[in-house]
Structure formats: C-alpha cells, structure tokens
There are 2 protein chains.
Amino acid sequence: MDKKISYVPLYEQVKKDILRRIIAGDWSPGSFLPNEFALAEQYGVSQGTLRKALNELTAEKYLVRYQGKGTAVAVVEDDTALFPFFFLSRRDNKHIPPVSQINGIARIKASSDIAGHLQINEGDEVIEIKRVRILDNECVINEIVYISLKVTGDIHFEDQQFPNTLYVYYQHKCGIRIHRAVEDIEAVLPTADDVKKLGIVKTQPVMKISRTSFDVQERIVEYRISKINTQNFVYRASLQ
Amino acid sequence: MDKKISYVPLYEQVKKDILRRIIAGDWSPGSFLPNEFALAEQYGVSQGTLRKALNELTAEKYLVRYQGKGTAVAVVEDDTALFPFFFLSRRDNKHIPPVSQINGIARIKASSDIAGHLQINEGDEVIEIKRVRILDNECVINEIVYISLKVTGDIHFEDQQFPNTLYVYYQHKCGIRIHRAVEDIEAVLPTADDVKKLGIVKTQPVMKISRTSFDVQERIVEYRISKINTQNFVYRASLQ
DNA sequence: AAGTGGTCTAGACCACCGA
DNA sequence: CGGTGGTCTAGACCACTTC
C-alpha cells in the first residue's frame, strides 16, 4: 500500500502529527514535551529527523525550545508578542504599552455584517467590547471587538478583573491560541463616537484597522475594528 | 588562540563568510554557487554543516535553492516580491499589479528633512521621482521617491525606458539589492497635489506611508512617501 | 546517466540548565 | 552531576533537473 505517487518526507509526517497533538491539547500551553530521544523512539525515526520537525514547529511559533531544559508548547504573552514587527510608535520613537479603558461589554446577536466577518450565522451570539486604549495619557485608539462565542465557548467577564490583553485571556480561559491575523488598513473620517472618544475635530482623518484573528485550527476567534488617531503616533511596520 | 569565551558554531562562521562574499559580489545576483560538497571542502566542514548555513541564508532571502540544479544568489523580481504579506487589495479581493505614470524626474539637492531620512548631508545630490500608480484604471497612489545617489552611484533615467519597479532597477543597474524596509503609516488630509492627482475631494482622508529602504549592507537606498486613496482599495497585512 | 539538492541515520561530543 | 537541546560528522540513499 505504499503511496509513492506523492512522496512525503518522514519529518513532515512527524511534524504534522505533533502539531495535531498540540492542537488537540495532548500537551497544554506551557507544558513540556518528552525529550528528543523519547519522541524519536515513539515515532520510530532518528533524533535528527525528529529534531527537524521540532525546529520547524518552533519557527512557526507552536513550540519554544530551551537548551538544557526541554521543549514546551508556546504561550502567548500579550497581543503584540505575536506581531513583533508591527506596533504603534510615537514620533519620537518611544514605545509605550497601551492601557485599556472599557466603555461597555454586551452580549448581542450578530448582525449580518458581523456574522459575515466571523463566518457565523446571523443572530448567533457574540460578545461586543467597546474600549479605548491610552498611550502616554492620551486616548489614541477607539476600538470595538466582536468575539465569536461559538469558538470560545461561554464567556463572562467580571468588570474588575477584565484582562488587558484579550489574546492572553483566550489562551488561559478558553484554551485558544491566536496564531495569525489579517489586517485591512485604510484612512477614513472619524464617526461622531470617534470624535468624542479620541478628542479630535471631525475633519481629522483617522486610521481604520479591521483585524480578523484566527486560532491554530483556522477558526475565526474575533473581529475588531480599531480607529487610531495618528496625529502623535504612527503605525510602524518592519518588512523583511 | 582559541576564543572559548564566546563560542560561535561552525555553521555561523561559514554563513557569515558566505554572506560576506554575496555582499562583496563574489557571486552576482542570479549566478550559481559551487555545489554543497565543493563549498564544504573549501570551508573544511561536513556537508551537513555547510547545508545548515545555506539553508539559513535561503530563509533570509539571500539565496534560492533548486533541487537538482543548484544554489543561486537571490534576484529581486519586483517591489512587492520582498513583502509578500503586504499589498494593496481591492475590496472585492482581486489583486491587480500597479502601473506607473511618471510626472517628473529631477536631480536636486537634499533638503535637511530629506537628508535626515536618507542619512546623508544636507545639499547632497538625490534623484526625486514623482509618479502616480494606477490600479484598475484608477489613480490610487500619489508617490514621491528620493534616491540616495551616494549609495546608488550616478543614475540617468531615460524617460522611454523608465523601470516600472525601482527595486529591480537598483539591482540590475547598481548591483544593489533592497533587503528590508520600515514603513510608518498614518491617516492625513490630502495636499492640493494629492487632490489633483488622485481625483478626490479635499476632505477625503488618505493613507500616508513613509517607507525607508535598506540594502544588504544596511545603507539607506531610498525614502519614499506614498499617499493612497483607500476608498476602493485597502492596504492588507497578513500577520503571523 | 550524471550532477544537484533533500532526506535520513547512528553516533559523538559540546553548551546549557537545574538540583 | 545528570539530563536537555545544539552542533558536527560520514555516509547512504532519494528526488529532481539536465543532458
């Protein structure tokens, strides 16, 4: 029954199976895998072949390896850790982590627009979070986040312990790790709400970023729209 | 004379030397390196060690490997090839390559602002190119590019044979390969020139992207400012 | 068929971590 | 100190390209 028509290297097969076990939760985020020799024996391959599989999973951010300690399933630290080449920067280049201020959390039924972005059915329940993000004592981002309860399972936020970084929350409370995202960036005029929250005049352009976030299973976890006042900050991308 | 205090793996040393030779032009873009065994013998290491060096340089876009053929120095195909996760996209997701229309090429002395961005002295000569880029029969980008003659050497563009993609031109005519870039993105009101070139009303916000491009030697080759009409297109970034 | 890069092995030794 | 990942080797064989 050899399938010689399309050859798949051993390390690819091993990699795929280890990824399957990570996604299935056989090893939870932060926990350590068996060592290289033990895993190699499990799969019946040499240490070198297993090593190649682990190194590729490490490059893809699924694993973290520590010399002398072992190999662990990667843990998300904050929203920006995933996207190290992309962040808000002050014109003077100082980088300040944002602070959130919640303006409202509600459980609503998805409009057709939101349902389309989250790829769920119209009327399905979602969490809607409205917040502003403050950098250097200035309201810079007016944001609205829609979370797909279909993916996260039931969520009940307590106001006093609301997480500053949602991605960390998903991981710890829902076992969901955001793995990739797509952003659409454009320049628009602010809405009345943007004008109020960001403290700008209504003719001041703002940057609108629509971000769709996917977990390791390629499910859409959240959709967020951020309006950014770029008078004192720029969105900086390092490309290579 | 062993320097045991800071251990440097063999493959790192080999990699660094091969990179030095690529940058020095020992092998020009598109030409093939000696095969793995020949190079391994040159450096006095095993094929596996040399292989690791070549694979890392391939991951960093310096080399391209073809099974059965050999290993070649990477060639830039177009401006966007470097940045596969970042491009203008129509709202209907169709992706159309842009066409350029030149509005002026001049050799000028750098203002203090331009000199600062190119990290040259005020008054140094630069090429200034004004152009608009057309997607799907619509003027979408109004752009001005400053090229550092100090880095590229002398350049004389012939209007009828102006290159559509500047990055390819740098490589073929100046032997300079753009390796990374930094973009600062913000939302602004259009200038009078933007209004005219993009055919928009003066209250329509535009995206302003300021991009600084570096070659493999970390020299700043060009600085460009692009104003984008995002009414029908969005700037899309895929993050992972 | 010859030559290239791609995979895989078995084994040795090194650098790092923590008890 | 033992255990982990990191490096390095020598050699075998496979898959792809070109002639």
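Each chain gets a letter, A, B and so on, in the order its sequence line appears, and its residues count up from 1. The structure displayed is predicted, hence computed values, not measured ones.
Of the candidates C:dC8, D:dG6, D:dC8, the closest approach to any side-chain atom of B:Leu10 belongs to D:dC8. For B:Thr49, the side-chain atoms get nearest to D:dT9 when compared with the rest of D:dT17, D:dT9, C:dT7. The A:Tyr7 side chain lies nearest to C:dC8 when the options are C:dC8, C:dG5, D:dT9. When each of D:dT17, D:dG5, C:dT7 is scored by its nearest atom to the side-chain atoms of B:Arg51, the top-ranked nucleotide is C:dT7. Set against D:dT7, D:dG5, C:dT9, the side chain of B:Pro9 has D:dT7 as its closest nucleotide. With C:dG5, D:dT9, D:dG5 as the candidates, the nucleotide lying closest to the side chain of B:Val45 is D:dT9. In this structure, the nucleotide among C:dG5, D:dT7, C:dC16 sitting nearest to the side chain of A:Gln67 is C:dC16. The side chain of A:Asn35 sits closest to D:dT4 out of D:dG6, C:dT9, D:dT4. Nearest to the side chain of A:Ser46, among C:dA10, D:dT7, C:dG5, sits C:dA10.
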Quiz item: Passes side-chain contact (heavy atoms from CB on, under 4.5 Å), B:Leu166 versus B:Arg131? Steps please.
Solution: CA-CA 12 Å; B:Leu166 281 170; B:Arg131 63 176 175 180; 4.0 Å; yes

Practice problem: Test side-chain contact (heavy atoms from CB on, under 4.5 Å) on A:Leu19 and A:Tyr62 and set out the steps. | Solution: CA-CA 8 Å; A:Leu19 181 54; A:Tyr62 290 107; 3.6 Å; yes

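Residue-environment remark: CG (B:Asp154) exceeds the threshold of 12 foreign heavy atoms within 6.0 Å.
If you check the side chains of A:Tyr167 and A:Ser213, you find a donor sitting under 3.5 Å from an acceptor.
Whole-Å rounding puts the A:Lys52 NZ to D:dC8 P distance at 17 Å. One can place NZ of A:Lys69 at 18 Å from C1' of D:dC1, the figure rounded to the nearest angstrom. The interatomic distance linking A:Asn55 (CG) with D:dG6 (P) rounds to 6 Å, in whole Å. The distance between atom CZ of A:Arg65 and atom C1' of C:dC17, rounded to the nearest whole Å, is 15 Å.
Annotation: of the two residues near DNA chain D, B:Gly44 and A:Pro34, the 5′-most nearest-nucleotide partner is A:Pro34.
You'll find the side chain of B:Asn55 reaches within 4.5 Å of the side chain of B:Arg65, heavy atoms only.
Aromatic ring orientation, B:His117 versus B:Tyr223: parallel (interplanar angle below 30°, classes split at 30° and 60°). Ring orientation note: the planes of B:Phe32 and B:Tyr66 are tilted relative to one another, at an angle of 30° to 60°.
Nucleic acid contact for A:Phe37: none, since no nucleic acid atom lies under 4.0 Å from a heavy atom of the residue.
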Practice problem: Give the dot-bracket string for DNA chain C, reading 5' to 3', where a pair is Watson-Crick or G-U wobble with both distances under 3.5 Å, ( ) marks pairs inside the strand, [ ] marks pairs crossing earlier ones, | marks a partner on another strand, and . marks unpaired. | Solution: ||||||||||||||||||.

